There are 2 protein chains.
Amino acid sequence: MKPTIKDIAARSGVSIATVSRVLSQKTGTYSEKTQAKILRIAKELGYRKNTAAVELVKKRSAVLAVILNATPTNFSTGVIDGIQKRASELGQGVIILYAGNRDAQMLHKAIVTALERAVSGILLTAIEPDEADLTLLKDSGIPFCFVSLYLNQPQILSVSSNNESITSQAVDYLVEQGHTAIALAGIDGYHTGTQRIAGYEAGLRAHGITTSCIKYGDYSYESGRQLLQEFLPLKVTAIITASDMIAAGLLNAAQEAGIRVPEDLSLVSIDGTIICNITTPGLTSVTQDFYHIGSRSVDQVMGHDVETFVPVKIEERGSVKQLKK
Amino acid sequence: MKPTIKDIAARSGVSIATVSRVLSQKTGTYSEKTQAKILRIAKELGYRKNTAAVELVKKRSAVLAVILNATPTNFSTGVIDGIQKRASELGQGVIILYAGNRDAQMLHKAIVTALERAVSGILLTAIEPDEADLTLLKDSGIPFCFVSLYLNQPQILSVSSNNESITSQAVDYLVEQGHTAIALAGIDGYHTGTQRIAGYEAGLRAHGITTSCIKYGDYSYESGRQLLQEFLPLKVTAIITASDMIAAGLLNAAQEAGIRVPEDLSLVSIDGTIICNITTPGLTSVTQDFYHIGSRSVDQVMGHDVETFVPVKIEERGSVKQLKK
DNA sequence: TAAAGTATTGTAAACGTTTACGTAAAGTGC
DNA sequence: GCACTTTACGTAAACGTTTACAATACTTTA
């Protein structure tokens, strides 16, 4: 069946310890001649290490566990690309455990699965754990880091965009385009949403705007469509949306209702994924750098000294009208 | 540090074998009194099984490995939702290994990683392996199944939509709407693409249409945008696109070139993800049931008797014009 | 009551790999 | 040539859990 180091040792005429040292590349503990023989035989036999045996002995593996939340917004690919690349550079493998979308049970199971394996670190992407799971993580002794979430607790590692900066920059941009009746749409009441609300309100205050307007949602396209009804009686000229999906839903519902974008209503979308290019018109966005968020989170969980916040930028497309001043 | 069954045995006054039997729920091999005591102490100690030790001894785990290709088209979520749900119903965990997008090195590494772990099965989603990797999989003794790919080799398990049926239904639908100058766009030369070409051409023949028009691409939005140039000199009235992203790219490039959809050019998109709702106008699609593809692939790899093909359906939106006949 | 059957438990070995420590041989410096 | 250091290798034990088999205790049957 599956060849083991015992098989290699028997064919090489050396001990299993020597085979192990060669296969673990313990330089200086074997001769070149012995190494060549062992590597040749290992290849002939199609030998592969038994990961479970290694992890059992070493009580640690060179594997990062990524716990992945399926958000309505598709930014996972960028984050994962960043994680995979950086992990690979640091000699770490990556396994992904799926936690559904705000499914507490699946999340708990994913966390326990990660803890049951001797992973070197855990990255939780766009996931807000409850206190019990957070305690579990803290007590495990395994380093963990939140990705695209900032809990603002000093002992908890995270890498994300600065959510207050995201919305305050969006407000700045819209004010610059002449807008003063600015709303925030599709946000939720979790940490990310709360931070974005704070930035939105700080941005309004900084420009002396006293009227705020916040509509809650769940970041999804359908949520965006439904939110349009709530804006119809209001006098807002511009809306900052919590996600590209909210923006797309608002956009399409508005157009179906005869409201032209950007002529009658301007939109600035948070995230800046490819969705912003697909809509008609394209969506002006506060674009997050998901690739670097992912990449930097690997450095963070590996104990390297990195900045928590990854900068964002405004990307102009076609959804914001410049008002006469 | 981490409690082991030795700690539980010491506190319970029983042997480690008894602790193991209780924790493995070997019914009929322990008394209720002993069980209660062991479970209480395990909970007090915060005991968790060491997965590596279990896998080492059993040489098998109740875990499916999903090797995930990051396609330009975002259908992964549906597939994974289907896989996770069905696996959970069958008592299997799921770990996901990321293979990038047509990155042979990452794919090979993902496959080797899966083989190094005592997984119960491997699901390869939208992945076309080379011969060496396919041989590796076959020689491993671990069951594997292709998801959303059909290799048409009798010993190789797969679950997907019927790609010939997808394009022939699209042709049927467009002919029904009065179209006879029908193209196929964005397809590649791999298995899926080849099957869709066959269905497209069979569909044309069935309607006595002798002129075919096929433009290759890579399923991405950018590829779709670029393909428009190739269609400008042609007299096609309708295009079947290889993915929603190709459709969105063609759509937006056409509108920017003053070509109206559906008035001047009709589009039918293969996949039917949420992208089809986001574009303006919405894209008529041959919609695949990714959730059931994922779900059924779990049954397939677990050795249950299931149909290879999951039915597709035409979903009308706003991208096809009915021509006068 | 004795024998047979069943339930419960413990001992020992297995799983595949790593590594501390001991030993022998080779290399280096005085 | 001698003492010290380095290289190379082997032995034995460890890692945490499972399980076959043996032993013991309890229950049922004749």
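This one's a predicted model, so the numbers in the text were calculated from it and none came from an experiment. Every chain is numbered from 1 and lettered A, B, ... according to where its sequence line falls, protein lines coming before strand lines. These numbers come from the heavy atoms of this one structure, side chains and all, not from hydrogens, waters or symmetry mates.
- Taken to the nearest 0.5 Å, the CG atom of A:L124 stands 10.5 Å off from the CG atom of A:L68.
- Residues A:R21 and A:T18 bring a donor and an acceptor atom of their side chains to less than 3.5 Å of each other.
- Of the options A:V298, A:V119, A:L90, a side chain to side chain contact (heavy atoms under 4.5 Å, CB included) to A:L64 is made by A:V298 and by none of the others.
- In this structure, the side chains of A:L149 and A:S158 stay at 4.5 Å or more apart for every pair of heavy atoms.
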Exercise. Which letter, B, S or -, goes with each nucleotide of nucleotides 7-24 of chain C from 5' to 3', with contact meaning a protein heavy atom under 4.0 Å?
Worked result: -SBBB---BBBBB-----
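- For the residue pair A:Y98 and B:D81, a side-chain donor N or O sits within less than 3.5 Å of a side-chain acceptor on the partner.
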